[in-house]
Amino acid sequence: MSLSVGADANIVFSALYFGGRANLFFDAVKMNNVELYQSEYLRDELAAVARRKQLPARPLELFYSLRNVHVITDASYYSRAEFANASKLVRDAEDVPVFVFAKKMLSAGKIEWFVTGDKDLLEEGVRTALENKIISLSEFNDILVSHLE
Amino acid sequence: MLVNVSVELGRSQLDFLEELVKSGSYRSRSEAVRDFIRRLELEWERRKAIEESRDKTIDFEAERKAVSKKLLGRFA
(Lines give C-alpha, C1' and ligand atoms only; values in the text may rest on other atoms or scores of the structure.)
Protein backbone atom coordinates (compact mmCIF):
# COMPACT_ATOMS: atom_id res chain seq x y z
CA MET A 1 0.00 0.00 0.00
CA SER A 2 1.36 3.40 -0.97
CA LEU A 3 2.03 6.39 1.28
CA SER A 4 -0.06 9.51 0.73
CA VAL A 5 2.09 12.59 1.06
CA GLY A 6 2.11 16.25 0.17
CA ALA A 7 5.33 17.85 -1.01
CA ASP A 8 6.58 21.39 -1.17
CA ALA A 9 7.79 22.73 -4.51
CA ASN A 10 11.42 22.67 -3.33
CA ILE A 11 11.24 18.90 -2.86
CA VAL A 12 9.95 18.23 -6.36
CA PHE A 13 12.43 20.76 -7.75
CA SER A 14 15.34 18.95 -6.13
CA ALA A 15 14.02 15.58 -7.25
CA LEU A 16 13.63 16.56 -10.90
CA TYR A 17 16.66 18.78 -11.46
CA PHE A 18 19.30 17.84 -8.92
CA GLY A 19 18.70 14.34 -7.54
CA GLY A 20 20.92 13.70 -4.53
CA ARG A 21 18.93 13.21 -1.32
CA ALA A 22 15.72 13.63 -3.28
CA ASN A 23 16.42 10.48 -5.33
CA LEU A 24 14.59 8.22 -2.92
CA PHE A 25 11.55 10.48 -3.00
CA PHE A 26 11.61 10.59 -6.81
CA ASP A 27 11.97 6.83 -7.16
CA ALA A 28 9.09 6.26 -4.75
CA VAL A 29 6.81 8.48 -6.86
CA LYS A 30 8.06 6.99 -10.12
CA MET A 31 7.49 3.44 -8.86
CA ASN A 32 4.00 4.26 -7.57
CA ASN A 33 4.92 3.75 -3.91
CA VAL A 34 3.71 7.25 -3.10
CA GLU A 35 0.47 9.06 -3.87
CA LEU A 36 1.66 12.63 -4.13
CA TYR A 37 -0.47 15.70 -3.59
CA GLN A 38 0.44 19.25 -4.50
CA SER A 39 -1.58 22.42 -4.86
CA GLU A 40 -1.94 24.41 -8.06
CA TYR A 41 0.06 27.15 -6.35
CA LEU A 42 2.99 24.82 -5.67
CA ARG A 43 2.93 23.38 -9.18
CA ASP A 44 2.82 26.86 -10.73
CA GLU A 45 5.55 28.13 -8.42
CA LEU A 46 7.80 25.30 -9.48
CA ALA A 47 7.05 25.91 -13.16
CA ALA A 48 7.78 29.63 -12.74
CA VAL A 49 11.14 28.97 -11.11
CA ALA A 50 12.09 26.43 -13.79
CA ARG A 51 11.26 28.99 -16.50
CA ARG A 52 13.23 31.72 -14.77
CA LYS A 53 16.31 29.51 -14.54
CA GLN A 54 15.79 28.15 -18.09
CA LEU A 55 15.49 24.58 -16.89
CA PRO A 56 13.82 22.05 -19.22
CA ALA A 57 10.06 21.89 -18.86
CA ARG A 58 9.63 18.30 -20.07
CA PRO A 59 10.42 16.61 -16.71
CA LEU A 60 7.75 18.76 -15.07
CA GLU A 61 5.16 17.95 -17.75
CA LEU A 62 5.82 14.23 -17.40
CA PHE A 63 5.89 14.34 -13.61
CA TYR A 64 2.50 16.03 -13.37
CA SER A 65 1.02 13.62 -15.91
CA LEU A 66 1.65 10.63 -13.61
CA ARG A 67 -1.58 9.18 -12.30
CA ASN A 68 -0.27 9.05 -8.73
CA VAL A 69 0.57 12.77 -8.74
CA HIS A 70 -2.50 14.83 -7.87
CA VAL A 71 -2.80 18.60 -8.24
CA ILE A 72 -5.39 20.09 -5.92
CA THR A 73 -7.16 23.30 -6.90
CA ASP A 74 -6.32 26.38 -4.89
CA ALA A 75 -10.03 27.09 -4.51
CA SER A 76 -10.48 23.86 -2.57
CA TYR A 77 -8.28 24.98 0.33
CA TYR A 78 -8.30 28.78 0.16
CA SER A 79 -9.94 30.59 3.04
CA ARG A 80 -9.41 34.22 3.92
CA ALA A 81 -9.61 33.40 7.62
CA GLU A 82 -7.15 30.52 7.36
CA PHE A 83 -4.71 32.65 5.40
CA ALA A 84 -4.97 35.42 7.98
CA ASN A 85 -4.34 32.97 10.82
CA ALA A 86 -1.43 31.38 8.98
CA SER A 87 0.19 34.79 8.45
CA LYS A 88 0.59 35.09 12.22
CA LEU A 89 2.47 31.81 12.41
CA VAL A 90 4.44 31.68 9.15
CA ARG A 91 7.18 34.22 8.52
CA ASP A 92 7.06 34.65 4.74
CA ALA A 93 3.99 35.50 2.67
CA GLU A 94 4.89 32.92 0.03
CA ASP A 95 4.78 30.18 2.69
CA VAL A 96 1.19 30.94 3.72
CA PRO A 97 -0.50 29.05 0.84
CA VAL A 98 1.87 26.14 1.48
CA PHE A 99 1.02 25.98 5.18
CA VAL A 100 -2.73 26.29 4.62
CA PHE A 101 -2.67 23.61 1.91
CA ALA A 102 -0.69 21.26 4.13
CA LYS A 103 -3.00 21.88 7.07
CA LYS A 104 -6.14 21.30 5.00
CA MET A 105 -4.86 18.08 3.46
CA LEU A 106 -3.60 16.70 6.78
CA SER A 107 -6.83 17.58 8.59
CA ALA A 108 -8.89 15.95 5.86
CA GLY A 109 -6.80 12.79 6.10
CA LYS A 110 -5.81 13.06 2.44
CA ILE A 111 -2.11 12.95 3.28
CA GLU A 112 -0.14 11.37 6.10
CA TRP A 113 2.85 13.71 5.85
CA PHE A 114 3.85 16.95 4.20
CA VAL A 115 7.47 17.10 3.11
CA THR A 116 9.35 20.37 2.80
CA GLY A 117 12.89 21.66 2.51
CA ASP A 118 11.94 25.11 3.81
CA LYS A 119 13.61 25.69 7.18
CA ASP A 120 10.97 28.24 8.18
CA LEU A 121 8.23 25.66 7.75
CA LEU A 122 10.20 23.18 9.85
CA GLU A 123 10.39 25.49 12.84
CA GLU A 124 8.91 24.18 16.07
CA GLY A 125 5.83 26.43 16.04
CA VAL A 126 4.81 25.30 12.57
CA ARG A 127 5.57 21.65 13.30
CA THR A 128 3.41 21.82 16.42
CA ALA A 129 0.57 23.54 14.56
CA LEU A 130 0.62 20.66 12.07
CA GLU A 131 0.91 17.98 14.77
CA ASN A 132 4.47 17.16 13.67
CA LYS A 133 3.22 15.91 10.31
CA ILE A 134 5.33 18.45 8.42
CA ILE A 135 8.72 16.85 7.97
CA SER A 136 12.06 17.27 6.27
CA LEU A 137 13.24 15.21 3.32
CA SER A 138 15.61 13.25 5.56
CA GLU A 139 12.79 12.40 7.92
CA PHE A 140 10.61 11.38 5.01
CA ASN A 141 13.35 9.16 3.61
CA ASP A 142 13.50 7.31 6.95
CA ILE A 143 9.72 6.86 6.96
CA LEU A 144 9.77 5.66 3.36
CA VAL A 145 12.50 3.09 3.99
CA SER A 146 10.54 1.72 6.97
CA HIS A 147 7.35 1.63 4.94
CA LEU A 148 8.95 -0.29 2.10
CA GLU A 149 10.56 -2.92 4.33
CA MET B 1 -4.12 11.39 -29.99
CA LEU B 2 -3.45 7.67 -29.66
CA VAL B 3 -1.73 5.74 -32.43
CA ASN B 4 -2.11 1.99 -32.82
CA VAL B 5 1.28 0.20 -32.86
CA SER B 6 2.27 -3.42 -32.84
CA VAL B 7 4.93 -4.67 -30.40
CA GLU B 8 6.33 -8.12 -29.73
CA LEU B 9 6.34 -9.20 -26.11
CA GLY B 10 7.61 -12.23 -24.27
CA ARG B 11 5.00 -14.56 -22.79
CA SER B 12 5.86 -13.54 -19.22
CA GLN B 13 5.59 -9.87 -20.14
CA LEU B 14 2.15 -10.42 -21.60
CA ASP B 15 1.12 -12.41 -18.52
CA PHE B 16 2.33 -9.51 -16.37
CA LEU B 17 0.18 -7.03 -18.30
CA GLU B 18 -2.83 -9.35 -18.07
CA GLU B 19 -2.31 -9.66 -14.31
CA LEU B 20 -2.24 -5.88 -13.89
CA VAL B 21 -5.49 -5.49 -15.81
CA LYS B 22 -7.11 -8.37 -13.94
CA SER B 23 -6.14 -6.82 -10.59
CA GLY B 24 -7.80 -3.56 -11.53
CA SER B 25 -4.58 -1.56 -11.50
CA TYR B 26 -5.16 -0.61 -15.14
CA ARG B 27 -8.21 -0.67 -17.38
CA SER B 28 -6.34 -2.17 -20.32
CA ARG B 29 -2.95 -3.48 -21.42
CA SER B 30 -2.55 -0.35 -23.53
CA GLU B 31 -3.13 1.89 -20.52
CA ALA B 32 -0.51 -0.02 -18.55
CA VAL B 33 2.03 0.22 -21.37
CA ARG B 34 1.38 3.97 -21.77
CA ASP B 35 1.94 4.45 -18.05
CA PHE B 36 5.18 2.47 -18.09
CA ILE B 37 6.52 4.44 -21.04
CA ARG B 38 5.55 7.71 -19.39
CA ARG B 39 7.54 6.76 -16.29
CA LEU B 40 10.50 5.62 -18.35
CA GLU B 41 10.44 8.85 -20.34
CA LEU B 42 10.32 10.81 -17.09
CA GLU B 43 13.43 9.00 -15.86
CA TRP B 44 15.15 9.67 -19.20
CA GLU B 45 14.30 13.39 -19.23
CA ARG B 46 15.14 13.77 -15.58
CA ARG B 47 18.63 12.34 -16.06
CA LYS B 48 19.22 14.81 -18.88
CA ALA B 49 17.96 17.67 -16.73
CA ILE B 50 20.18 16.68 -13.80
CA GLU B 51 23.18 16.50 -16.11
CA GLU B 52 22.41 19.99 -17.42
CA SER B 53 22.01 21.31 -13.88
CA ARG B 54 25.30 19.84 -12.71
CA ASP B 55 27.22 23.11 -12.76
CA LYS B 56 24.34 25.27 -11.60
CA THR B 57 23.72 26.58 -8.14
CA ILE B 58 20.14 27.62 -7.60
CA ASP B 59 18.82 29.11 -4.38
CA PHE B 60 15.24 27.86 -4.57
CA GLU B 61 14.05 29.97 -1.65
CA ALA B 62 15.35 33.14 -3.31
CA GLU B 63 13.74 32.13 -6.60
CA ARG B 64 10.50 31.37 -4.78
CA LYS B 65 10.47 34.90 -3.38
CA ALA B 66 11.09 36.32 -6.84
CA VAL B 67 8.07 34.57 -8.38
CA SER B 68 5.75 34.76 -5.38
CA LYS B 69 4.39 38.27 -5.79
CA LYS B 70 2.64 37.45 -9.04
CA LEU B 71 1.45 34.05 -7.84
CA LEU B 72 0.08 35.34 -4.54
CA GLY B 73 -2.18 37.68 -6.50
CA ARG B 74 -4.53 34.76 -7.14
CA PHE B 75 -5.48 34.75 -3.47
CA ALA B 76 -6.41 38.44 -3.32
Side-chain angles (χ1 to χ4, degrees), chain A residues 8-20 22-23 26-27 29-32 40-69 74-75 77-80 83 92-98 100 117-120, chain B residues 1-3 5 9 12-76:
Chain A
D8 204 344
N10 46 39
I11 299 297
V12 178
F13 183 80
S14 293
L16 293 182
Y17 296 109
F18 291 93
N23 280 340
F26 174 80
D27 285 342
V29 175
K30 188 186 75 177
M31 296 305 294
N32 233 337
E40 285 176 320
Y41 177 84
L42 284 170
R43 178 201 61 192
D44 295 346
E45 181 184 72
L46 179 46
V49 172
R51 270 195 306 273
R52 250 176 80 89
K53 304 313 288 185
Q54 296 177 305
L55 297 171
R58 190 63 182 147
L60 276 174
E61 290 164 5
L62 289 163
F63 187 79
Y64 286 109
S65 75
L66 296 181
R67 59 193 211 142
N68 56 315
V69 175
D74 290 331
Y77 66 88
Y78 173 71
S79 148
R80 194 182 293 270
F83 268 49
D92 297 325
E94 63 270 17
D95 290 337
V96 168
V98 184
V100 175
D118 190 325
K119 294 184 187 61
D120 292 337
Chain B
M1 190 190 76
L2 297 177
V3 177
V5 297
L9 298 177
S12 63
Q13 290 171 322
L14 188 57
D15 289 345
F16 174 59
L17 287 176
E18 297 281 353
E19 182 61 38
L20 287 174
V21 173
K22 195 174 162 187
S23 72
S25 298
Y26 294 93
R27 285 174 296 187
S28 67
R29 293 178 302 192
S30 290
E31 185 184 299
V33 170
R34 285 195 296 273
D35 192 50
F36 295 157
I37 292 174
R38 192 174 294 122
R39 291 173 197 275
L40 190 61
E41 187 185 356
L42 170 59
E43 180 62 58
W44 185 275
E45 293 292 338
R46 175 191 180 241
R47 287 191 187 189
K48 282 197 303 183
I50 288 175
E51 187 60 37
E52 284 175 27
S53 300
R54 200 173 288 281
D55 297 323
K56 292 187 183 181
T57 303
I58 298 176
D59 181 346
F60 189 86
E61 294 312 310
E63 294 301 323
R64 164 175 260 176
K65 273 197 194 318
V67 305
S68 66
K69 198 171 180 183
K70 190 175 175 185
L71 288 172
L72 287 170
R74 66 180 63 180
F75 298 115

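Here is the naming used below: chain letters follow the sequence lines, and residue numbers restart at 1 for every chain.
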Interchain contact, B/K65 with chain A, by part (heavy-atom threshold 4.5 Å): both
Nearest heavy-atom neighbours spanning B/Y26 and A/N32: OH-ND2, 4.4 Å
Proximal component of A/A93, with respect to chain B [non-hydrogen, under 4.5 Å]: both
Chain B contact via A/E40 - which portion, at a heavy-atom distance below 4.5 Å: both
Top contributor to chain B interface from A/L60, A/D27, A/D8, A/D95 [non-hydrogen pairs under 4.5 Å]: A/D8
Parallel, tilted or perpendicular: ring planes of B/F60 versus A/F13, cut at 30 and 60 degrees: tilted
Exercise: identify the closest heavy-atom pair between A/D118 and B/R64: OD2-NH1, 3.4 Å
Structural part of B/E63 lying under 4.5 Å from a heavy atom of chain A: both
Proximity breakdown for B/R74 and chain A, heavy-atom pairs closer than 4.5 Å: side chain
Check: A/P56 and B/E45 side chains under 4.5 Å, non-hydrogen atoms: no
From CA spacing to verdict: salt bridge (Lys or Arg N to Asp or Glu O under 4.0 Å), A/R58, B/E41: CA-CA 9 Å; A/R58 190 63 182 147; B/E41 187 185 356; 2.9 Å; yes
Considering all heavy atoms, the nearest B/L42-A/F63 contact: CD1-N, 4.0 Å
Side chain / backbone / both / neither for A/R67 at chain B, heavy atoms under 4.5 Å: both
Close side-chain approach of B/I50 and A/L16, heavy atoms under 4.5 Å: no
Heavy atoms of other groups near A/R43 CZ, more than 12 under 6.0 Å: yes
Structural part of B/K56 lying under 4.5 Å from a heavy atom of chain A: both
Least distance between heavy atoms, B/F75 atom then A/F83 atom: CG-CE2, 3.6 Å
Check against side chain to side chain contact (heavy atoms under 4.5 Å, CB included), B/L72 and A/Y41: CA-CA 8 Å; B/L72 287 170; A/Y41 177 84; 3.6 Å; yes
Residue part contacting chain B, namely of A/V96, when any heavy atom lies under 4.5 Å: neither
Pick from A/A75, A/A15, A/G117 with the largest number of heavy-atom pairs that fall under 4.5 Å of chain B: A/A15
Axial cation check for A/F26 ring with B/R46, 6.0 Å and 45° limits: yes
Interchain contact, A/V98 with chain B, by part (heavy-atom threshold 4.5 Å): side chain
Residues, nucleotides or ligands: over 12 heavy atoms within 6.0 Å of B/R47 CZ: no
Non-hydrogen side-chain atoms of A/N68 and B/R39 separated by less than 4.5 Å: yes
Contact leader toward chain B among A/D74, A/L55, A/D92, where contacts are heavy-atom pairs under 4.5 Å: A/D74
Which portion of A/F18 sits near chain B, non-hydrogen atoms under 4.5 angstrom: both
